[in-house]
There are 2 protein chains.
Amino acid sequence: MGATKTDLFTKQQNDIAAMAKALAHPARIAILQYLVKKNACVCGDLVDELGLAQATTSQHLKELKIAGIIQGSIEGASVCYCINPKVWKQYRDLFNAFFKDVDINTNCC
Amino acid sequence: MGATKTDLFTKQQNDIAAMAKALAHPARIAILQYLVKKNACVCGDLVDELGLAQATTSQHLKELKIAGIIQGSIEGASVCYCINPKVWKQYRDLFNAFFKDVDINTNCC
DNA sequence: TAATCTTATCGTAATATTGCAATAATACAA
DNA sequence: TTGTATTATTGCAATATTACGATAAGATTA
């Protein structure tokens, strides 16, 4: 026990949950907002931006990379990160599909 | 160490992360999709629907209730659940705001 | 080359989440 | 009242996440 029983659910349900999990930490939200705000590659200053230890920041970046929503490229001694716009749009579309069209009058409890 | 350092981040960042966390499990996605599909109060059959133990299902329902996205009302011996449309729309709007307007050409890495 | 800078990874501790059996609590039926 | 049905809570074990110091790996500089 302790591990999520993914086999009980559809691929789509697991996919949505996995995307949500990637967003389920304020540091990762902060990283994504920073990259979106800069609207470009950001090299090196993410550790200063967050206030977390370098190892912790690196770990959050790794999770976002594994989720596919950001990408990094080595630029000399440092690494440049940016949003992966294709995956970003996939996230947006999946969440939009999930949230769309709930009748306000559903409230019957 | 081990606990999220929420004080390092803005209220908005913590709010988005908290919402994402509520959605970050396939069982909770399945519950929400089922309630949306039924588009009404659902009494009692959620345990059969999920395939998880009754205690586990109850725990996921509790998390969704704490997040505010569903509400339950006692109906005799059983409990009826439905989407809280107000909170649902808040989620939708916050995610929409988060995902909107990322230029496809940001990709520069 | 040696020192320095940047990022990733390892190891470890603290905390959180997931899952379930057992049990409690409440409502209803016989 | 007694039994049954439904949901919540408790207690526990397994696993996952978060955080950070130490260290490694690679590039740049002196």
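Naming: A, B, ... by sequence-line order, numbering from 1 per chain.
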*asked:* How many whole angstroms separate atom CD1 of I31(B) from atom C1' of dT18(C)?
replied: 13 Å
*Any idea how F95(B) and F95(A) line up, ring-wise: parallel (<30°), tilted (30 to 60°), or perpendicular (>60°)?*
parallel
*Apply side chain to side chain donor-acceptor pair (under 3.5 Å) to T10(A) and list each qualifying residue two or more places apart in sequence or on a separate chain.*
Q13(A)
*Would you classify E75(A) as touching base, sugar-phosphate or nothing, given that sugar-phosphate means primed atoms plus P, OP1 and OP2, and contacts are heavy atoms under 4.0 Å?*
nothing
*Specify the residue among G51(A) and I74(A) whose closest nucleotide of DNA chain D lies further upstream toward the 5′ end.*
G51(A)
*K62(B) NZ to dT10(D) P: how many Å, rounded?*
7 Å
*When all nucleic acid strands are considered with a 4.0 Å heavy-atom cut-off, which category describes T4(B): base, sugar-phosphate, or nothing?*
sugar-phosphate
*Using only side-chain N and O atoms of K21(A), determine if any of them is under 4.0 Å from OP1 or OP2 of dT17(D).*
yes
_Check: R28(B) side chain, A22(B) main-chain N or O, donor-acceptor pair, under 3.5 Å_ = yes
*Provide, to the nearest angstrom, the distance between the CG atom belonging to L52(B) and the P atom belonging to dA14(D).*
19 Å
*What are the two closest heavy atoms between A30(B) and F9(A), and how far apart are they?*
CB-CD2, 4.0 Å
*asked:* Taking the nucleotide of DNA chain C with the nearest heavy atom to each, does Q59(A) or A27(B) sit closer to the 5' end?
replied: Q59(A)
*Can you figure out which of dA16(C), dC20(D), dA16(D) approaches the side chain of T56(A) most closely?*
dC20(D)
*Would you tell me if any nitrogen or oxygen in the side chain of H60(B) comes within less than 4.0 Å of OP1 or OP2 on dT17(C)?*
no
*How does protein reach along nucleotides 3-8 of chain C, written 5' to 3' as B (base within reach of a heavy atom under 4.0 Å), S (only sugar-phosphate), or - (no contact)?*
---SBB
*What integer distance in Å separates L46(B):CG from dA8(D):C1'?*
14 Å
*Can you tell me if N84(B) uses its side chain to pair, donor with acceptor, with the backbone of Q71(B) under 3.5 Å?*
no
*Considering only heavy atoms from C-beta outward, does the side chain of W88(B) approach that of I70(B) to under 4.5 Å?*
no
*In chain order, what residues pass the side chain to side chain donor-acceptor pair (under 3.5 Å) check against K11(A), with sequence neighbours excluded?*
D15(A)
*Gap between atoms NE2 and C1', on H25(A) and dA19(D) respectively (whole Å)*: 9 Å
*Separation of E49(B) atom CD from dT6(D) atom P, in whole Å?*
16 Å
_Tell me the interatomic distance from K5(B), atom NZ, to dT18(D), atom P, rounded to whole angstroms._
14 Å
*Measure from CD on E63(A) to C1' on dA16(D) and round the result to the nearest Å.*
10 Å
